[in-house]
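In what follows, chains are A, B, ... by sequence order, proteins preceding strands, each numbered from 1. Reckoned from all heavy atoms, side chains included, excluding hydrogens, waters and symmetry mates.
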Amino acid sequence: MIRDALARGQAEAVFPAELPEYEVTIELPRRSEFGDLACNVAFRLAGKLRMPPRKLAELIASRISLEPEGELDRVEAAGGGFLNFLLKKRVWGSVLERIQAERQAYGDSRLGQGRRVIIEFVSANPTGPLHVGHGRGAAVGDSLANLMKVSGFQVWKEYYVNNIGRQINLLGQSVLARFQEKVYPGSGLDKVITGMPAVEFPADGYQGGYILDLAKGLAQQPADFWPSSEKAREEWIRAVGIYAGNRVLEGIKADLEKFGVTFDLWASEQEMYKSGKVDQALADLENRGYLERHEGATWFKSKDTFGEEKDRVLIRSTGEKTYFASDIAYHREKYARGFDQIVNIWGSDHHGYIPRVRAAIQALGYPEEKLRVILIQFVNLLRAGKQVSMSTRSGEFITLADLVAEVGRDAARFFFLFRKADSHLDFDLELAKKQAPENPVFYVQYAYARVSSIREEARRMGITLPVPEWDPDLLTLPEELTLLRQLVWFPNLIRESAQALEPHHLTAYLLELAGNFHRYYHDYRVLPPKRSSEEQGAREGQSSGEGQSSKLKGENQNDREEGNFEPEELKLSQARLALCDSVQVVIRKGLEILGIQVPEKM
RNA sequence: GCCCCUGUAGCUCAGUGGAGAGAGCAAAGGAUUCCUAAUCCUUGGGCCGCAGGUUCGAUUCCUGUCAGGGGCACCA
């Protein structure tokens, strides 16, 4: 259309016959005064045509022909040279028809075209309960999964369990030492356990109350749990470590379930070893010439080949394989399983680790650009403005379970998704608990509950949805247009957030939508005002029509029934009700993606 | 030393190659005969860290610089 206008200008010899290459981009302006769509083509051409952009814009605008049946209402030149387009009102109003028809499917798209994506997240070592930082990763990962699902991706969620290796042994040793110290003496267990080697509590062992609980649990183990007396100390530690790791993992699973987060697979590092996948991966690297042996260890040649700082150890001189070795095998598996996109959500302390993993993926001949890593920055937990310290080792931490118990799952998830994943997050416990407007979670949920309340009241009055016929001219208030525009924007927001892997945009959007709704609600009535009983006339006492429960009888005196409104009044109310209902549908959809529940009443 | 992230209102943070830069909190004052006052309104408040560059146009992109956080193991 714009090109037509320019061509017309050329024909009139206002523009030169030879136009330079140019691009026409249309954007949504931030301010409603600037129209519904804006175009900056005049700026792009101004320099080349040696004309002021404003003048150029006016020339173009005057040559644009609008089809009378089209969706555009008018076009004008504005500002320094923008072309602003105004859509006809029915275009905005039609979004309500669409939402009413699609309901919860509004916002779904086929962006992903069924491509398969694996999202690995949380993946905390089973050496202690999840803390709030893991909770943030869980919230981000789970919401991202939802976001991608509605955007047409096939999503697979996975937790990688590091249930073997040094940390697990350390856990085993910590638990066994506590067992010998606090549980075993005088327990009579010497009849069951024979030849237990003495184990001291390691210097860097795990502290915290859960270690003693695990030690107490050991007392319930059957006799065949314990290694035979001639087995080495390491065997005892390993057995206790695996036991403790499994117990901790059960707790982690339970905590995540309470947090509303589930996984399609709990991938086990032990399994990677048992199935020979680690050895296969190493053999693969060997065949491709990326392994090197010196100083008794086996190294991945990442320094000269991939520009890494240094080579990395895969097999220690002791013969033990490093975590990196099994992680290479795990990533190799992800590629081999045929995922189109691989998303890892890691703690920000892993950032130095990413280039190394990418190097290994390239070394194995896989496309590393399929891998995208989201780093989760630390959560700064505040209570009454004071920082709450966290560290797994010292045992002084607030667990995810504690957090959920204190502020609730909904508030916790919302706060975790409030900020960009890679920026530091201040989490104020007092604010999250507050049942007040300054708490964003309640603010959004309340907007939802309010609509339910309106709908309930409407039902009593006999006003129902769907609207029989849509009259776009009924919603003409600026506040209504603001809401309509925001609803139109929603599917776009979902797509963009899914593409960028950034669920936090959704929390901001919902807050804004809730705010616009609250303002609208405050200033205008959705339903017709109640009439006093004198005005109500002869219909009194009659029981109302379908779907009314008997408990409403007492209220009927003040209520009006269907047919008791002016037709225009009824139509306006229905249109506004459709708007509110559509706002609610979108809030529900948004909160669902974030994993937050919607209350019908508050 | 090298690498990554972050510098935007008093605080916590959104945001964008374009049109007086936004929200929440905090401060002060106000608003319910009527669909939930868990709401709403008003008022102040800003060299978008600093300096260059690219551009018709930079808070946004590039370079440098300063400040804060984090990472650089034969740990995971």
Point to revise | Donor-acceptor side-chain pairing of A/N516 and A/R519 below 3.5 angstrom | key: yes
Review point. Hey, is the side chain of A/H505 poking within less than 4.0 Å of OP1 or OP2 on B/G15, counting only N and O atoms?
Key: yes
Check your understanding: Cut-off 3.5 Å, side chains only: do A/H350 and A/N344 have a donor facing an acceptor?
Key -> no
Check your understanding: Within the stacking criterion (centroid distance below 5.5 Å, interplanar angle below 30°), does A/F43 stack on B/G57?
Key -> no
Review point. What is the nucleic acid contact for A/H518, judged by heavy atoms within less than 4.0 Å: base, sugar-phosphate only, or nothing?
Key: sugar-phosphate
Practice item. Please name all residues satisfying side chain to side chain contact (heavy atoms under 4.5 Å, CB included) with A/D279, sequence neighbours left out, ordered by chain then number. Key: A/K321
**Study point:** Which nucleotide in B/C75, B/A37, B/A31 has an atom nearest any side-chain atom of A/H522
**Key:** B/A31
Study note, to complete from the structure: Taken in chain and number order and not counting sequence neighbours, the residues that satisfy salt bridge (Lys or Arg N to Asp or Glu O under 4.0 Å) with A/E271 are none
Check your understanding: Is A/T507 reaching over with its side chain to a backbone N or O of A/H504, donor-acceptor style, under 3.5 angstrom?
Key -> yes
Exercise for review: Answer with yes or no whether A/T322 presents, from its side chain, a donor or acceptor under 3.5 Å of a partner atom in the base of B/C74.
Suggested key: no
Check your understanding: Closer than 4.0 Å, any side-chain N/O of A/K601 to the OP1 or OP2 of B/A38?
Key -> no
**Study point:** With A/F414 via ring-ring contact (aromatic ring centres under 6.0 Å, His included) - residues at least two apart
**Key:** A/F418
Exercise for review: For A/E502, check salt bridge (Lys or Arg N to Asp or Glu O under 4.0 Å) against everything at least two apart and list the hits.
Suggested key: none
Exercise for review: Using the P atom as the reference point in each nucleotide, state the distance between B/G22 and B/C35 in Å, no decimals.
Suggested key: 34 Å
Review point. RNA chain B: stems of at least 3 consecutive Watson-Crick or G-U pairs, cut-off 3.5 Å?
Key: B:1-7 with B:66-72, B:10-13 with B:22-25, B:27-31 with B:39-43, B:49-53 with B:61-65
Practice item. Please determine if A/K334 and A/E120 form a salt bridge, counting it only when a charged side-chain N lies under 4.0 Å from a carboxylate O. Key: yes
I'd like a table of atom pairs between the protein and nucleotides 6-10 of chain B - only N or O on both sides, under 3.5 Å - with the distance next to each one.
none

